[in-house]
Number of protein chains: 2
Amino acid sequence: MSSYVEENYLKAIYKLTERNKDGAYTNDIAYELNVKPATVTESIKKLGEKGVIHYEKYKAVTLTEAGKLIAIKTIRKHRLWEVFLVEKLGFKWDEIHPMAEELEHINFEELTERLANFLGNPEFDPHGDPIPDKDGVFSNNKSVKLTSLALNTTVVMTGIENHTPSFLQHLDKLGLKLGVQVTLKEIVDFDKSVLVSVNGKKGFYLSHDIANNILCK
Amino acid sequence: MSSYVEENYLKAIYKLTERNKDGAYTNDIAYELNVKPATVTESIKKLGEKGVIHYEKYKAVTLTEAGKLIAIKTIRKHRLWEVFLVEKLGFKWDEIHPMAEELEHINFEELTERLANFLGNPEFDPHGDPIPDKDGVFSNNKSVKLTSLALNTTVVMTGIENHTPSFLQHLDKLGLKLGVQVTLKEIVDFDKSVLVSVNGKKGFYLSHDIANNILCK
DNA sequence: TATAATATTTAGGTTTGCCTAAATGTATTT
DNA sequence: AAATACATTTAGGCAAACCTAAATATTATA
Ligand SMILES: [Mn+2]
Ligand SMILES: [Mn+2]
Ligand SMILES: [Mn+2]
Ligand SMILES: [Mn+2]
């Protein structure tokens, strides 16, 4: 299996396993990678033989240590390139994902490490996601959902849980970018929408769906 | 044919056609791309059907206008990334080729153009090779081989015709990098080796083979 | 617990890009 | 102009990564 395809499978499994500790299911992997379930079955069987995942028929798959390291290193590359695209080339945070999705498969360790150094060894990508170090270690950063806050708390926006361009563009429009101060002023009982004030300015309402995708510290 | 493979074929054909105006031969393409001649026959047949090369059985192939543009755009990407690797990441000129060989296949026009801009729209890559503009136009730069100079001429070194790491490292050792002043002091009749002085310093001999791979203006 | 719904795998295909070995065409020598 | 050398193509195969349709497991529900 080419490094390109393998890295995408392992990354998808990593992501799904973060969501559901049991592991990643065939159908979900297929959805993530835009392929059919039958294709996934074939692929994960091979990845199992290769020793990068634990595969047992009809069970959710999990990554082996070897597989996990490959996944995390791919994530490291992805996020470093995203920083490059935003910080150096001036792209916006809603434009970078497809490019990083390709750049992440360029495998020259020296290139990755020099890139990291050139970027000042950033700890977070433009979406607020943590960048693991070159040994695959994530720094401990616990953020919470905006929807989990108590009334009248003020926090700093540090991340998002949805990376679709339309969501990102909407946040831009609202002035909700990483680093802003957000105060939770009201929780509407009817639909769980929330009234927030950004950097002390006049408040506005956010649907529960939107608030639920915003991370704070 | 994937853009990755296609771009490599077209680039190889472009390069070979520069050397031999008749076009590129099956065997030479195979050698360039490290595949077998039978594979090349298959591939060029398909590239012919696709309209990017002119293919006729048993004849050397040439690029169509469409194919030529793809080749040149790939060369543009390759050379821009090489500039990035040297200027921004601090790689040496003998280390960058394999990385650029992969990066050149990342196809996002906006990325390429922003990269070019970020690098200051360079006209030459770290090996002195010209970088075509985004429409595929090369600036006119005629350089000559060091071996074609008359005695006691002083020139500036502007390029090389051999890109192997060992050649590049040897030039480094000799202090022969792009931009230095070279004076041709002697042409040895016996073996056509040449005595050169770099930036006015004490001269040294270069074999004809080495001198023949050095370009000047 | 049987039945229905859903998930996963198997079977059988396709395309791409590569291979070796054999056949055929072209070019060079005697 | 034959014979030989060399280049190119054809034929037949293979592995990777995808597909659809059908079979089989698992899970949920009546
Ligand atoms: Mn990817
Ligand atoms: Mn990101
Ligand atoms: Mn390449
Ligand atoms: Mn170069």
Side-chain angles (χ1 to χ4, degrees), chain A residues 1-13 15-17 19-63 67 70-71 74 101-102 104-105 107, chain B residues 1-13 15-17 19-63 67 70-71 74 101-102 104-105 107:
Chain A
M1 197 172 269
S2 82
S3 129
Y4 186 99
V5 175
E6 177 177 328
E7 286 173 343
N8 282 341
Y9 270 90
L10 297 179
K11 209 158 55 101
I13 294 164
K15 184 177 169 185
L16 291 166
T17 309
R19 273 215 287 266
N20 180 341
K21 296 203 103 197
D22 292 352
Y25 293 93
T26 304
N27 272 348
D28 298 333
I29 298 170
Y31 179 81
E32 257 334 287
L33 297 177
N34 268 294
V35 297
K36 301 294 164 190
T39 303
V40 170
T41 300
E42 245 184 41
S43 301
I44 60 183
K45 224 185 290 182
K46 281 183 202 152
L47 291 171
E49 281 158 23
K50 218 180 158 182
V52 290
I53 67 173
H54 299 288
Y55 174 68
E56 276 180 89
K57 259 191 187 181
Y58 296 106
K59 289 224 189 121
V61 301
T62 52
L63 297 172
I70 294 172
T74 306
E101 203 57 47
E102 301 294 318
E104 70 187 0
H105 305 295
N107 285 315
Chain B
M1 197 171 267
S2 81
S3 129
Y4 187 99
V5 175
E6 178 177 327
E7 286 173 342
N8 282 341
Y9 271 91
L10 297 179
K11 210 159 55 100
I13 294 164
K15 183 176 167 185
L16 291 165
T17 309
R19 273 214 287 266
N20 180 341
K21 298 202 102 197
D22 291 351
Y25 292 95
T26 303
N27 271 348
D28 297 334
I29 298 170
Y31 180 80
E32 268 316 302
L33 297 177
N34 268 294
V35 295
K36 301 295 163 188
T39 303
V40 170
T41 300
E42 247 182 41
S43 301
I44 59 183
K45 225 186 289 185
K46 282 183 201 150
L47 291 171
E49 280 158 24
K50 217 180 158 181
V52 290
I53 67 173
H54 299 289
Y55 174 68
E56 276 180 89
K57 257 192 189 180
Y58 297 105
K59 288 220 189 128
V61 302
T62 53
L63 298 172
I70 295 172
T74 306
E101 203 56 48
E102 301 295 318
E104 71 186 359
H105 305 294
N107 285 316

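Because the structure is a prediction, the values reported are computed rather than measured. Per chain, numbering begins at 1; letters A, B, ... match sequence-line order.
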Notebook entry, point to check: What is the distance, rounded to the nearest whole Å, between atom CD1 of Ile44(A) and atom P of dT10(C)?
Noted result: 10 Å
Check: Do any side-chain nitrogens or oxygens of Lys57(B) fall under 4.0 Å of OP1 or OP2 in dA7(D)?
Finding: no
Notebook entry, point to check: salt bridge (Lys or Arg N to Asp or Glu O under 4.0 Å) with Lys45(B): which residues, sequence neighbours excluded?
Noted result: none
Collect all protein-nucleotide pairs involving nucleotides 22-24 of chain D in which both atoms are nitrogen or oxygen and the distance is under 3.5 Å.
none

Check: In this structure, are over 12 heavy atoms from other groups packed under 6.0 Å from Tyr31(A) atom OH?
Finding: no
Notebook entry, point to check: Among residues 20-36 of chain A, which contact DNA chain C at a heavy-atom distance under 4.0 Å?
Noted result: Tyr25(A), Thr26(A), Asn27(A)
Checklist line | Heavy-atom pair with the smallest gap, counting every atom of Ile70(A) and Thr74(A) | finding: O-OG1, 2.8 Å
Note to self: List the residues meeting salt bridge (Lys or Arg N to Asp or Glu O under 4.0 Å) with Lys46(B), not counting sequence neighbours, and say none if there are none.
What the structure shows: none
Checklist line | nucleotides 11-16 of chain C: protein proximity per nucleotide (B base, S sugar-phosphate only, - neither; heavy atom, under 4.0 Å) | finding: -B---S
Next item on the list: Could you say whether Thr39(A) or Val40(B) is positioned toward the 5' end of DNA chain D, judged by the nucleotide with the nearest heavy atom to each?
Entry: Val40(B)
Checklist line | Distance in Å, Thr41(B) OG1 paired with Lys57(B) NZ, rounded so as to fall on 0.5 Å steps | finding: 10.5 Å
Check: Checking side chain to side chain contact (heavy atoms under 4.5 Å, CB included) against Leu33(A), which of Val5(A), Ile13(A), Val40(A), Asn8(A) comes through?
Finding: Asn8(A)
Notebook entry, point to check: What is the minimum heavy-atom distance between Ser43(A) and Tyr9(A), and which atoms define it?
Noted result: OG-OH, 2.9 Å
Note to self: Ignoring hydrogens, what is the shortest heavy-atom contact between His105(B) and Glu7(B)? Give both atom names and the distance.
What the structure shows: ND1-OE1, 2.6 Å
Notebook entry, point to check: Taking only residues at least two apart or on different chains, which pairs with a member in residues 19-32 of chain A satisfy salt bridge (charged side-chain N to carboxylate O under 4.0 Å, His left out)?
Noted result: Lys15(A)-Glu32(A), Arg19(A)-Glu32(A)
Next item on the list: Rounded to the nearest angstrom, tell me the gap between atom CD in Glu56(A) and atom P in dT8(C).
Entry: 14 Å
Checklist line | Side chain of Pro37(B) (C-beta onward), nearest among dC18(C), dT9(D), dT9(C) | finding: dT9(D)
Next item on the list: Round to the nearest Å and state the distance from Lys45(A) atom NZ to dT8(C) atom C1'.
Entry: 10 Å
Note to self: Base, sugar-phosphate or nothing for Tyr9(B)? Non-hydrogen atoms, less than 4.0 Å.
What the structure shows: sugar-phosphate
Next item on the list: Give the minimum heavy-atom separation between Ile53(A) and Ile44(A), together with the two atoms involved.
Entry: CD1-O, 3.4 Å
Check: To the nearest 0.5 Å, how far apart are CG in Leu10(B) and OG1 in Thr17(B)?
Finding: 10.0 Å
